[in-house]
Asker: 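Let me begin by handing over the structure; questions about it come next.
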Amino acid sequence: MADTEAAASRPHRHDTREAVLFGGVYGSVLACSMVAALTQYGHTSRDSRRYDAAWLLVTALASALAHGYAHYIAERAPHRRWDALRTLADEWPLVAAVLPTGVVLIGAGWGWWPAKGVEYPAFALNITLLFTLGLVTARWSHRSWAAAIGIGAGDAMLGVVVVVANAVIK
């Protein structure tokens with residue numbers, strides 16, 4: 001009985017795998033959504049791609065702060081001095097998941113590749129990341145290869161939904 005009370009009084013600590021899956025999926029879907037939203041009006045100059053990359057990073061950081069803060073205040077338990085910073089630091093996978101898309105956008109902004117149409121490689125990259133995250137985390141959980149592929153495909157469908165919604169909205 002004392003063990004359950006002690007466990008209940010401690011805040012829930014997310015393990016690294018859980019944080020990577022949650023943050024990675026959320027960050028990849030966020031990146032798809034941001035690229036779709038930022039390219040909706042056809043701005044395809046190099047300057048606009050650098051602007052898009054900056055907004056993507058700002059949005060990821062704001063989302064990570066909001067998620068970390070929500071976790072912190074939702075744990076209605078006494079906190080130690082540095083718990084708030086630890087909770088915010090636990091959101092690093094969300095920010096890390098948008099960085100590849102940021103590199104694609106900033107690369108287009110710096111002229112490494114054409115700025116026009118860069119959203120399609122960004123969508124493909126994020127859909128691939130979603131599939132990979134689902135596959136890897138399912139295998140970490142000792143699921144069969146068939147189940148892991150199914151979970152990866154399910155995660156990838158989140159990105160496909162964003163791409164299809166973007167096409168329908170345009």
Side-chain angles (χ1 to χ4, degrees), residues 14-72 74 85 87-141 147-170:
H14 301 284
D15 69 1
T16 302
R17 291 178 180 176
E18 180 183 352
V20 167
L21 176 63
F22 175 80
V25 168
Y26 190 90
S28 295
V29 172
L30 175 71
C32 272
S33 300
M34 286 295 298
V35 169
L38 291 169
T39 60
Q40 179 180 3
Y41 299 105
H43 299 290
T44 58
S45 70
R46 289 172 58 179
D47 288 339
S48 69
R49 294 305 182 190
R50 289 191 298 268
Y51 175 84
D52 293 350
W55 269 112
L56 177 65
L57 184 59
V58 166
T59 303
L61 290 170
S63 295
L65 285 171
H67 275 231
Y69 180 70
H71 284 292
Y72 181 76
L85 291 176
T87 302
L88 293 174
D90 286 345
E91 299 297 325
W92 69 266
L94 191 157
V95 177
V98 304
L99 292 179
T101 303
V103 169
V104 168
L105 293 172
I106 200 73
W110 286 339
W112 295 347
W113 40 78
K116 184 174 182 167
V118 78
E119 64 269 18
Y120 302 109
F123 290 150
L125 172 66
N126 283 293
I127 291 168
T128 302
L129 285 172
L130 286 164
F131 176 80
T132 303
L133 281 166
L135 178 80
V136 169
T137 53
R139 291 298 296 160
W140 278 345
S141 299
I149 290 169
I151 291 168
D155 283 359
M157 288 306 296
L158 295 170
V160 171
V161 166
V162 171
V163 172
V164 170
N166 180 50
V168 169
I169 291 170
K170 280 186 176 181

Asker: If you round to the nearest 0.5 Å, how far is CH2 of W110 from CZ of R50?
Answerer: 9.0 Å

Asker: Which atom pair, heavy atoms only, marks the closest approach of F131 to I149?
Answerer: CE1-O, 3.8 Å

Asker: Nearest 0.5 angstrom please: L94 CG to F22 CZ, how far?
Answerer: 7.0 Å

Asker: So which heavy atom on A31 is nearest to which on T101, and how close?
Answerer: CB-OG1, 3.6 Å

Asker: Can you tell me how far the CG atom of L57 sits from the CD1 atom of I106, to the nearest 0.5 Å?
Answerer: 10.0 Å

Asker: Report the distance from atom CG of L21 to atom CG of L130, rounding to the nearest 0.5 Å.
Answerer: 10.0 Å

Asker: For L133 versus S28, what's the shortest heavy-atom pair and its separation?
Answerer: CD1-OG, 4.4 Å

Asker: How long is the span from the CG atom in L135 to the OG1 atom in T128, to the nearest 0.5 Å?
Answerer: 12.0 Å

Asker: Would you compute the distance between atom CZ of R139 and atom CD1 of I151 and round it to the nearest 0.5 angstrom?
Answerer: 10.5 Å

Asker: How far apart are the closest heavy atoms of A97 and G24, and which atoms are they?
Answerer: CB-O, 3.6 Å

Asker: Which label fits F123 and Y120: parallel for a plane angle under 30°, tilted from 30 to 60°, or perpendicular past 60°?
Answerer: perpendicular

Asker: Measure across P121 and G117 and return the closest heavy-atom pair with its distance rounded to 0.1 Å.
Answerer: CD-O, 3.1 Å

Asker: Per the side-chain contact (heavy atoms from CB on, under 4.5 Å) rule, which among V58, V98, L30 passes with S63?
Answerer: L30

Asker: If you look only at pairs with a residue in residues 51-65, which of them pass as a salt bridge (charged side-chain N to carboxylate O under 4.0 Å, His left out), with sequence neighbours excluded?
Answerer: R49-D52

Asker: Please report the shortest heavy-atom distance between L125 and P100, naming the atom on each side.
Answerer: CD2-CB, 3.5 Å

Asker: Report yes or no: does W113 contribute a side-chain atom to a donor-acceptor pair with the main-chain N or O of V104 at less than 3.5 Å?
Answerer: yes

Asker: Among pairs that include at least one residue of residues 154-169, which meet salt bridge (charged side-chain N to carboxylate O under 4.0 Å, His left out), considering only residues two or more places apart or in two chains?
Answerer: none

